[in-house]
> 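Questions regarding the structure given below will be posed in turn.
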Amino acid sequence: MKILALIPARGGSKRLVSKNLRELGGRPLISWSIEFAKKQDLFCDILVSTDSEEIAQISRDAGALVPWLRPIELASDCASSFDVAQHAIEWYEKNNGKIDAILLLQPTSPFRSSRTLSEAIKLFQSSPEFPLLTVSPAITHPDWALKELDNKFIPYFEKNGLNVRSQDLDSAFTPNGNLYLITPDALRRCGGFVGAVNSSIIIESKVESLDIDDEWDYEISKYIVSNDKYRNYYN
């Protein structure tokens, strides 16, 4: 199976400024995903899509393919992962032939596991018609969510689950951003990396499922790499 690893790395970020260039363990955050992908020896290429020349150069130095800077219309807050992936796929297939799948590796998930990736690819190969994503147990069950209405808070769903014991609730999961795997056709059909029905790999580890989205997450990631007991998650 011919799989393209795509790493989207926009230069701008509001919640965590310059997050893809933040140092983690002595190297830029973007380097973690590139080096992880290189170790697997599974991909036809590792393509970085960025609008930043600094990120582009760091990515090239790390061994990734960066053939262009992302068009300005794909570098705004409104640009979706679908738009970025479509642009990358169209260019890659025009210049390098058709691919069977695209693996999205967000730079904000540095603590990936080769075992998780192997399980994901094996499951995906058995049912490539379904998008595959990694998920983690929901921190707060959706049945316990509230929404604001006229300065009051009411259950988010009409069926009030707030009075249901946690052990009596159905299991709930949320995407953790660790990886997404999908065929080009399914990506276009779904309009994104998640479909109405998906294959999933459950990640229980809070380290492996960490998605660096703000300063708090970044501080946690620095603590992880400074603590030897977590070294097996990224070495």
> Using only heavy-atom distances, determine whether the side chains of Y223 and N227 contain a donor-acceptor pair under 3.5 Å.
yes
> Quick check: closest heavy atoms across L6 and A85, and the distance to 0.1 Å?
CD2-CA, 3.7 Å
> Check whether any side-chain heavy atom of L24 lies under 4.5 Å from a side-chain heavy atom of V225, and answer yes or no.
yes
> Under the side-chain contact (heavy atoms from CB on, under 4.5 Å) rule, what do L123 and L181 come out as? Steps first, then yes or no, please.
CA-CA 10 Å; L123 178 58; L181 190 55; over 6 Å; no
> For N178 and S109, test the side chains for any donor-to-acceptor distance below 3.5 angstrom and give the result as yes or no.
no
> So, K159 and D143, do they make that salt bridge, N to O below 4.0 Å?
no
> Measuring from L146:CG to Y156:OH, what's the distance to the nearest 0.5 Å?
11.0 Å
> Keeping the roles fixed (side chain from D217, backbone from D213), state whether a donor-acceptor pair exists under 3.5 Å.
yes
> Tell me whether I139 is reachable from L133 by hopping between hydrophobic residues (I, L, V, M, F, W, Y) whose side-chain heavy atoms are closer than 4.5 Å.
no
> Please report the shortest heavy-atom distance between G192 and F82, naming the atom on each side.
N-CD1, 3.7 Å
> Can you check side-chain contact (heavy atoms from CB on, under 4.5 Å) on M1 and Q125, steps first, answer last?
CA-CA 8 Å; M1 179 172 276; Q125 288 175 328; 3.9 Å; yes
> Once you round to the nearest 0.5 Å, how far does CZ of F36 lie from CG of L179?
7.5 Å
> For R15, is there any backbone N or O sitting under 3.5 Å from a side-chain donor or acceptor partner on D214?
no
> Got a second to check how far L4's CG is from D100's CG, nearest 0.5 Å?
11.0 Å
> If every non-hydrogen atom of S81 is compared with every non-hydrogen atom of F193, which pair is closest and at what distance?
O-CE1, 3.8 Å
> Side chains of S209 and N176: is there a donor and an acceptor less than 3.5 Å apart?
no
> Any salt bridge linking E35 with K38? Criterion: basic side-chain nitrogen under 4.0 Å from a carboxylate oxygen.
no
> For the hydrophobic clusters of this structure (ILVMFWY residues joined by side-chain heavy atoms under 4.5 Å, transitively), does one cluster hold both L29 and L16?
yes
> So with a 6.0 Å cut-off around NZ of K152, is the heavy-atom count from everything else above 12?
no
> Same cluster or not: are L105 and I121 linked, directly or through other Ile, Leu, Val, Met, Phe, Trp or Tyr residues, by side-chain heavy atoms under 4.5 angstrom apart?
yes
> Do S59 side-chain atoms and I55 backbone N/O form a donor-acceptor pair below 3.5 Å?
yes
> Taking the six-membered ring for Trp, are F111 and W32 ring centroids under 6.0 Å apart?
yes
> Thinking salt bridges, do E53 and R60 make one under a 4.0 Å N-O criterion?
yes
> Under the criterion side-chain contact (heavy atoms from CB on, under 4.5 Å), I'd like the reasoning laid out for S166 against W144: C-alpha separation, chi angles, the key distance, then a yes or no.
CA-CA 9 Å; S166 60; W144 285 357; 3.5 Å; yes
> So with a 6.0 Å cut-off around CD of Q167, is the heavy-atom count from everything else above 12?
yes
> Could you tell me the separation between the CD atom of Q40 and the CD1 atom of I3, rounded to the nearest 0.5 Å?
11.0 Å
> Let me confirm one number: the CH2-CH2 distance from W68 to W91, rounded to the nearest 0.5 Å.
7.5 Å
> Hey, are D77 and R10 close enough for a salt bridge, meaning a charged N less than 4.0 Å from a carboxylate O?
yes
> Hey, are E215 and R22 close enough for a salt bridge, meaning a charged N less than 4.0 Å from a carboxylate O?
yes
> For G11 and S52, work out which heavy atoms get closest and say how close.
CA-CB, 4.0 Å
> Could you tell me if S33 and Q106 have a donor-acceptor pair between their side chains, going purely by distance under 3.5 Å?
no
> Would you confirm whether H141, through its side chain, and D170, through its main-chain N or O, come within 3.5 Å as a donor-acceptor pair?
yes
> Just by distance, do the side chain of R70 and the backbone of S49 share a donor-acceptor pair under 3.5 Å?
yes
> Would you mind reporting whether C44 and Y92 have side-chain heavy atoms less than 4.5 Å apart?
yes
> So, do I102 and I89 sit near enough that their side-chain heavy atoms are less than 4.5 Å apart?
yes
> If two hydrophobic side chains count as joined below 4.5 Å and joins carry through other members, does L47 share a cluster with L69?
no
> Do T50 and I7 have side-chain heavy atoms sitting under 4.5 Å apart?
no
> Would you say the side-chain atoms of E208 pair up with the backbone N or O of E204, donor to acceptor, closer than 3.5 Å?
no
> Going hydrophobic residue to hydrophobic residue with side-chain gaps under 4.5 angstrom, can you get from I30 over to L65?
no
> Can you tell me if E54 has over 12 outside heavy atoms packed within less than 6.0 Å of its CD?
no
> What heavy-atom pair brings N20 and P107 nearest, and what distance separates the two atoms?
OD1-CB, 3.2 Å
> Please check if the side chain of S200 supplies one atom and the backbone of V135 the other of a donor-acceptor pair under 3.5 Å.
no
> Say you draw a straight line from CD1 of I201 to CG of L117; how long is it, rounded to the nearest 0.5 Å?
10.0 Å
> Determine whether P131 and C190 make a side-chain contact, defined as any pair of heavy atoms from C-beta on separated by less than 4.5 Å.
yes
> Looking at side-chain heavy atoms only, is the closest gap between D51 and L74 below 4.5 Å?
no
> Do the side chain of S136 and the main chain of I203 share a donor and acceptor less than 3.5 angstrom apart?
yes
> Looking at side-chain heavy atoms only, is the closest gap between N151 and E148 below 4.5 Å?
yes
> With a 4.5 Å limit on heavy-atom distance, are the side chains of S31 and I34 in contact?
no
> If you apply the rule side-chain contact (heavy atoms from CB on, under 4.5 Å), what do you find for L103 with Y180, and how did you get there?
CA-CA 6 Å; L103 175 73; Y180 297 86; over 6 Å; no
> For the residue pair S199 and F130, what are the closest heavy atoms and their distance?
OG-CB, 3.7 Å
> If you apply the rule salt bridge (charged side-chain N to carboxylate O under 4.0 Å, His left out), what do you find for E219 with K222, and how did you get there?
CA-CA 5 Å; E219 292 300 319; K222 290 195 294 183; 3.1 Å; yes
